[in-house]
Structures are given as structure tokens and as C-alpha cells.
Chemist: 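Could you have a look at this structure, given as C-alpha cells, before my questions?
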Amino acid sequence: MNTALQTRAMAIFVLFACGFTVISSRLVYLQLVKSDEYREKAIQMHYRVVPMLAQRGRILDSGGGILSQTVSVKDLRIDGQIALQNPQEVAQIAEVLGWSLADLQLRLSASNRYMLLAEELNPEVAERLDKLKAKSVLLPQRFKRSYPNGVEASHVVGYTNSIRKEVGDSGKMVDFEKGALGIELVMDKYLAGISGERRIVKNNRNREIAAYRQMDREPRDGMDVMLTINRSVQHEIEVEAERIYNDYSANAVNILVVRIGTGEILGMTNRPTFDPNDRKTFKNPENLRNRTIMDQIEPGSTFKIITLAAALNENLVTTETPIFCENGRFPYGGHTLTDTSPHGTLPLWEAFMVSSNIAFAKVGLSLGENKLYKYARLMGFGELAQNPNQALPSEQRGLIRIPQKWSKVDLTRVPIGYGIAVTNLQMSMAVSAIANDGKLMEPRIVKSVLDKDGRIVQEFLPRIVRQVVNMKTAKEVTSVMKHVVEEEGGTGKAARVKDFTAAGKTGTAWKIVNGQYPKGVYYSSFVGFLPADNPEFLVSIVVDEPKARQSGKGNIPYGGKVAAPSFGRIATQVAEELGLQRETGKSVLVDRRRSP
């Protein structure tokens, strides 16, 4: 073999060797150094994770009626470029929407290829648009939270916000609903459910490999939450709250209805209010305020129920104990306490009926600050009333100072509802305890949690907090409260209910503003229950700054004028809704008032 041939062969051999070396090096590089990167690319080509969102649970009233649910809606988007190239499609779309062709054409833009034209289409309209098979039409589907009852029970039910969150291993950001207020927030862990994901693996022909479907993680839909709210009762108190709010140009109104034996809240409403379907109504934070549990007010004369119960339970007085009412003016501790009308000596029951401040200031003096404080705390004032596991958010404790911080005059003011701050919920549960033979119940707003088949997963049962007064005292207080409503001289006679005996108490309290009590600014209230001798439910109404319908002396918006009539109307409807037997043999109490 000549030298030239050998040289050529060696060159070829070297080239092949170098080639194999390069290829081998490349293979080593790909296998050892870049293996993770290319494996990930291969997986991405054949494998993807698709999030599967859980369906949020419903909120139901006590009868199973829907208060909140998630519904599917379709929006209309249009590809402006394609639409302008197909004028016939544009004419058809305009006809379906009921728009003029000119209006639709003005909205179209070739540069906007995903233009939103309409949200939440009527299902019939969406179907007609779909049948057009128009190339420019896009009908994306989405889910939204719907509240069929609008403003009714909105502070109880609450609302959700849409937030973006990465679901599972998909790496995709998905919109889902999260509770933001009311039961939507409190019970979010039950309502939300758990999202799943589908892992799709495809072969080199882009077909799914069915064997890998076992890797799917199915979503677990949220549970339904059933409330104690009665929709018929709720509707009635909404009507009354709106009536008072408008008729008296009130700053605010809140109404609560409680089932006495169980502590169930049958209805709760506030004015001003909001519609969870309309976010424009969220702009004013006052609309979102659940005043029933958040507003801390000096209750005024309704607190005399507590003072009376404490004095009777301590055997310091009887309902017939005579009390000199100082003819309307009582100087004490450097201040003079007055009554609306002057009275001489009255039995305790009558002093309560006419709501004498002086009589109950004297009852407070006989009790002393320690005992009065003790009973106020026993009744639940100064503490949160709700069970934290189902509590509506932002409940306030109210305010009652320890006796060591009371001034001399406080002992004549706290017994008549000043120098203490309470919520309507606290007052309602305390008076319910009187109606319930002295047993203070825990308020309940959630009845149960249900799975998708309607089976109870968790139940919230009635709970007695404690015995606050003995049964005899409770009966005596109830008897005295009947006079307020049923006798001609009672301050709450406007609260009477046909064919039933009711028991209650009016309240008209000066409202403190910036540390002062401005003239003509009041809280007007009424709390009562029926049937008085076998109580089933309680209604409590608080009106913030009602305006007198006529100016002049004697036109103060008393609780007996503002709130008591609404009690009568509400109680009539609630008694009918609950199917209570009418007291056909009921006799109106005689006028037992005695001359001073």
C-alpha cells in the first residue's frame, strides 16, 4: 500500500474517530447533563395537568330554600376583525341582541379580537347566538355566586370574592370563590370544597393513554350549610325595617327574631343594607355593617328588665312593693333624674309599666353596684354571645365597667340603661332568658352542614349557657312585662297582637354623640315575646335616630310610637308562620293603675 493511500485511510479513520467522539460526547452530555431538561420537555409534550374546580356549596334557609348558590353564566365576546369581514354575521348578532345594526358596528374594532359585548346573557339569547354558528362569536362560560333573595338576609348570608390561586400541580392560576362576609366567610371551609386535577398523558400520535386516568384526583364539592333563618319571617322583618327606616328618616334600623327555647335566630336584618348581587351597593361601608351584633348602644329603659329581674331574684322587692317616684324629680349625687311624667307612690309593677326612671334608680340603689353588675354579667352583657364555630364576624362585647370604677351617680343610671353599652343580640338573648324560665341560651344561626345527598355531616344543637334567675323570678318579670303591652296605661300598648297576650318593654334612650347627649337625638326600641305565658319567639327592634314626624313639644319619637307598632305587625306574621294556636279565651288585663 502506497504512502498516499495510507495517509488517506488514516485521515478517514481519524475523521470517523473524531465524529464518533463528538457524537459520544454529545450523547454523554445529553444523558448526564441535560437529561432533566429534556425529560421535562418530553413530559410537557405528552403530559399535562388540568385543574378541576370544586363546586361551592349552597347556603339554605331552615326549610331548604336557597339563599346562596353558584350558577353557570355565559358572556358574549366578539372577534372584531372577523366580524367586520362578515357583515351578514353582524346583522344577525344585532338582531338576536335586540340592538340596532349601527350601534353594534360602532362598537366593533378590527384591533380588538376579544371584545366583551355583554355579560351574563339570558340563557335563551345565549342559545340563539350559539345556533348562529358565527365565526366571530365567542361564548365563554364562567361560574358566579348568585343570591336569589337579594338584600334579604344579606348581612347574615354575606358574599364571596373571586381570587386567583394556583391549583395543585397544574401551575395554572384559576379564579375561585372565597367567602368575604357573613356565613360565606364563617363557613367557608365547609362551602369551598377541595379542587382536583386531571393528569392527561398522550402517546406519539397525540392520543390519550387511558391507563393513566387512574392518576386523576377528582374534586370534592363543597357542602351545603343550612341556617336557622326562616325565609317568611325574614321577609316580614325586611318590610318593617324598610318601613321604619323611611317613615322616620332613621339613621339606621336593626331587627332580630329569636326562637326562645332553642336560641335559633329566625330573622336578622339591618338598614342601611346591601345587595350581594350588586357590588355597587358595597361602596358605602355603612351598608355592610351588621348593626345587630356590632352597634354598642346605651339601651335605656329596656335594661329595666334586667334590674327588675335582679331585684326580684334577690328577694329585695316584690312586684307590689310601693316606690315613691318623687313627683318626677329625684336629686342624687349632684344630678337630678327626671321622669317623663310626674308620679307619686307606685307599686313596682306599675312603675315598670309607665317606665319610671326614678323608681328603677331606687331599685338600683337597693341592689348595690356589685349585685347589679353580677346579674348584668350573668345575663351575658360584656361578653360575646355567639359560638365561635359559627359566629357571624365582628360581634362586639359591649361595655360594662367593674363596680370599682362606678361613680356615685352610676348606681342610679346603670339600672335604667345608661353607663352601659350592649348589642341588640345581647339584649335579645338576655330577655329571651327571662321568657325561657331563666335559662340563657346560646344564639344559633347555623342549623347543620349537609353533604350533596342531603345527609347531615355536622349539626349545631341548642345549648344552655347558664341559669341566670330562678323560674319564679322569670315568671314574675314576665307578668310585669305583660302590663306594658296589654294595659291601656302601658308604654307598649301599640305592640298588641290580636288573639295573643304579649310581654315587652319600650326604650327611648338619649344617644351619646362625641361625649355629649344632643337634644332630640335618640335610640328608640322595643323588645317583647309571645305568647306571654308560653313564650315561643322574641322580637327586638332598635331604631337609631328616628326623626319625629311632627315638630314641637310632645313629639319625641318614643320607642312606644316608633318600634312597638312594628313588633305587633311582625309578631302577628311570625305567630302565623309558626302555626301558634290563638288564645281565643284571652282576656285583656284590666287597668290596675292606682292613684298616687
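Just so you know, these numbers come straight off a predicted model, no measurement behind them. Position 1 is the first residue of the sequence; numbering continues from there.
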Chemist: Would Gln573 and Ser232 count as having a side-chain donor-acceptor pair, cut-off 3.5 Å?
Modeler: no
Chemist: Taking it one step at a time, do Asn270 and Asn290 satisfy side chain to side chain donor-acceptor pair (under 3.5 Å)?
Modeler: CA-CA 6 Å; Asn270 301 271; Asn290 188 347; 3.1 Å; yes
Chemist: Please test Asp410 against Ser407 for side chain to side chain donor-acceptor pair (under 3.5 Å), starting from the C-alpha separation and ending with a verdict.
Modeler: CA-CA 5 Å; Asp410 281 337; Ser407 68; 3.3 Å; yes
Chemist: Can you tell me if Trp406 uses its side chain to pair, donor with acceptor, with the backbone of Arg401 under 3.5 Å?
Modeler: yes
Chemist: Is atom NZ of Lys144 surrounded by more than 12 heavy atoms (other residues, nucleotides or ligands) closer than 6.0 Å?
Modeler: yes
Chemist: If only atom types and distance count, is the side chain of Ser479 paired as donor or acceptor with the main-chain N or O of Lys475 below 3.5 Å?
Modeler: no
Chemist: Considering non-hydrogen atoms only, spot the tightest contact between Met427 and Val422 and give its length.
Modeler: CE-CG2, 4.3 Å
Chemist: Under the criterion side chain to side chain contact (heavy atoms under 4.5 Å, CB included), I'd like the reasoning laid out for Glu577 against Asn230: C-alpha separation, chi angles, the key distance, then a yes or no.
Modeler: CA-CA 9 Å; Glu577 174 64 23; Asn230 179 303; 3.3 Å; yes
Chemist: Look up atom CG in Leu67 and atom CE in Met226, then write down how far apart they are to the nearest 0.5 Å.
Modeler: 10.0 Å
Chemist: Checking Thr506 side chain against Gly559 main chain: does a donor-acceptor pair fall under 3.5 Å?
Modeler: no
Chemist: Walk me through whether Glu298 and Tyr517 qualify under side chain to side chain donor-acceptor pair (under 3.5 Å).
Modeler: CA-CA 12 Å; Glu298 290 180 301; Tyr517 292 102; 2.8 Å; yes
Chemist: Indicate yes or no for a side-chain donor-acceptor contact from Asn284 to the backbone of Glu286 under 3.5 Å, with no hydrogens or angles considered.
Modeler: yes
Chemist: Look up atom OG1 in Thr423 and atom CG in Leu256, then write down how far apart they are to the nearest 0.5 Å.
Modeler: 9.0 Å
Chemist: Say you draw a straight line from CD1 of Ile445 to CZ of Phe460; how long is it, rounded to the nearest 0.5 Å?
Modeler: 12.0 Å
Chemist: Check step by step if side chain to side chain contact (heavy atoms under 4.5 Å, CB included) holds for Glu240 and Phe567.
Modeler: CA-CA 9 Å; Glu240 282 304 316; Phe567 171 88; over 6 Å; no
Chemist: Between Ser62 (side chain) and Ile229 (backbone), is there a donor-acceptor pair under 3.5 Å?
Modeler: yes
Chemist: At their closest point, which heavy atom of Ser301 faces which heavy atom of Asn357, and how far apart are they?
Modeler: OG-OD1, 4.1 Å
Chemist: Minimum heavy-atom separation for Ala494 to Gly560, with atom names?
Modeler: CB-O, 3.6 Å
Chemist: Step by step, would you call Leu121 with Asp75 a side chain to side chain contact (heavy atoms under 4.5 Å, CB included)?
Modeler: CA-CA 6 Å; Leu121 292 172; Asp75 298 332; 6.0 Å; no
Chemist: Applying salt bridge (Lys or Arg N to Asp or Glu O under 4.0 Å), run through Glu576 and Arg569 and close with a yes or a no.
Modeler: CA-CA 11 Å; Glu576 184 175 333; Arg569 288 187 287 265; over 6 Å; no
Chemist: For Val497 and Ala571, which heavy atoms make the closest approach, and how far apart are they?
Modeler: CG2-CB, 3.7 Å
Chemist: Work out which heavy atom in Pro299 is nearest to a heavy atom in Phe303; give both atom names and the distance.
Modeler: CG-CB, 3.9 Å
Chemist: Would you please test Ile306 and Phe381 for side chain to side chain contact (heavy atoms under 4.5 Å, CB included) and show each step?
Modeler: CA-CA 11 Å; Ile306 312 307; Phe381 299 107; 3.9 Å; yes
Chemist: Do NZ/NE/NH1/NH2 and the carboxylate oxygens of Arg466 and Glu383 come within less than 4.0 Å?
Modeler: yes
Chemist: Can a salt bridge be assigned to the pair Arg259 and Glu264 using a cut-off of 4.0 Å between side-chain N and carboxylate O?
Modeler: no
Chemist: Less than 4.0 Å between a side-chain N and a carboxylate O, is that true for Lys493 and Glu488?
Modeler: yes
Chemist: Hey, is Asp295 close enough to Arg289 for a salt bridge, meaning N to O under 4.0 Å?
Modeler: yes
Chemist: Please round to the nearest 0.5 Å and tell me the distance separating atom CD1 of Ile400 and atom CD of Gln426.
Modeler: 10.0 Å
Chemist: Taking the side chain from Glu442 and the backbone from Gly263, do they hold a donor-acceptor pair closer than 3.5 Å?
Modeler: no
Chemist: Distance-only, no hydrogens or angles: does the Gln396 side chain make a donor-acceptor pair with backbone N or O of Gln296 under 3.5 Å?
Modeler: no
Chemist: Side chains of Thr491 and Ser355 only: does a donor on one sit below 3.5 Å from an acceptor on the other?
Modeler: no
Chemist: Which atom names give the shortest non-hydrogen contact between Ala532 and Thr478, and what distance separates them?
Modeler: O-CG2, 3.3 Å
Chemist: Under a plain distance cut-off of 3.5 Å, with no hydrogens placed, do Glu545 and Tyr523 share a side-chain donor-acceptor pair?
Modeler: no
Chemist: If the threshold is 4.0 Å, N to carboxylate O, is there a salt bridge linking Glu184 and Arg56?
Modeler: yes
Chemist: Please answer whether the main-chain N or O of Ser249 pairs with a side-chain N or O of Lys547 as donor and acceptor at a distance below 3.5 Å.
Modeler: yes
Chemist: Is the backbone of Tyr147 close enough, under 3.5 Å, to the side chain of Gln69 for a donor and an acceptor to pair up by distance?
Modeler: no
Chemist: Between Lys482 and Asp533 (salt bridge meaning N to carboxylate O under 4.0 Å), is one present in this structure?
Modeler: yes
Chemist: So does Glu236 pair up with Arg231, basic N to acidic O under 4.0 Å?
Modeler: no
Chemist: Give a yes or no on whether the backbone of Val469 and the side-chain of Gln467 come within a donor-acceptor separation of less than 3.5 Å.
Modeler: yes
Chemist: Look at the rings of Phe274 and Tyr159 and say which category their plane angle falls in: under 30° parallel, 30 to 60° tilted, over 60° perpendicular.
Modeler: perpendicular
Chemist: Classify the side-chain pair Ser356/Lys304 by whether it contains a donor and acceptor separated by less than 3.5 Å.
Modeler: no
Chemist: For the CD atom of Glu238 and the OG1 atom of Thr273, what is their distance to the nearest 0.5 Å?
Modeler: 6.5 Å
Chemist: Can Asn254 and Asn424 be counted as having a side-chain donor-acceptor contact under 3.5 angstrom?
Modeler: yes
Chemist: Between Glu119 and Lys74, is the closest basic N to carboxylate O distance under 4.0 Å?
Modeler: no
Chemist: Knowing that exactly one of Asn277, Val71, Ile66 qualifies, which makes a side chain to side chain contact (heavy atoms under 4.5 Å, CB included) with Pro148?
Modeler: Ile66
Chemist: To the closest 0.5 Å, what do you measure between OG (Ser566) and CD1 (Ile255)?
Modeler: 6.0 Å
Chemist: For His235 and Glu152, run side chain to side chain donor-acceptor pair (under 3.5 Å): C-alpha distance rounded to whole Å, both residues' side-chain angles, the deciding distance at 0.1 Å, then the answer.
Modeler: CA-CA 7 Å; His235 176 71; Glu152 297 197 357; 2.7 Å; yes
Chemist: Strictly below 4.0 Å, N to O, side chains only: are Lys452 and Asp221 in salt-bridge contact?
Modeler: no
Chemist: Say whether Arg279 and Thr281, considering side chains only, have a donor N or O and an acceptor N or O under 3.5 Å apart.
Modeler: no
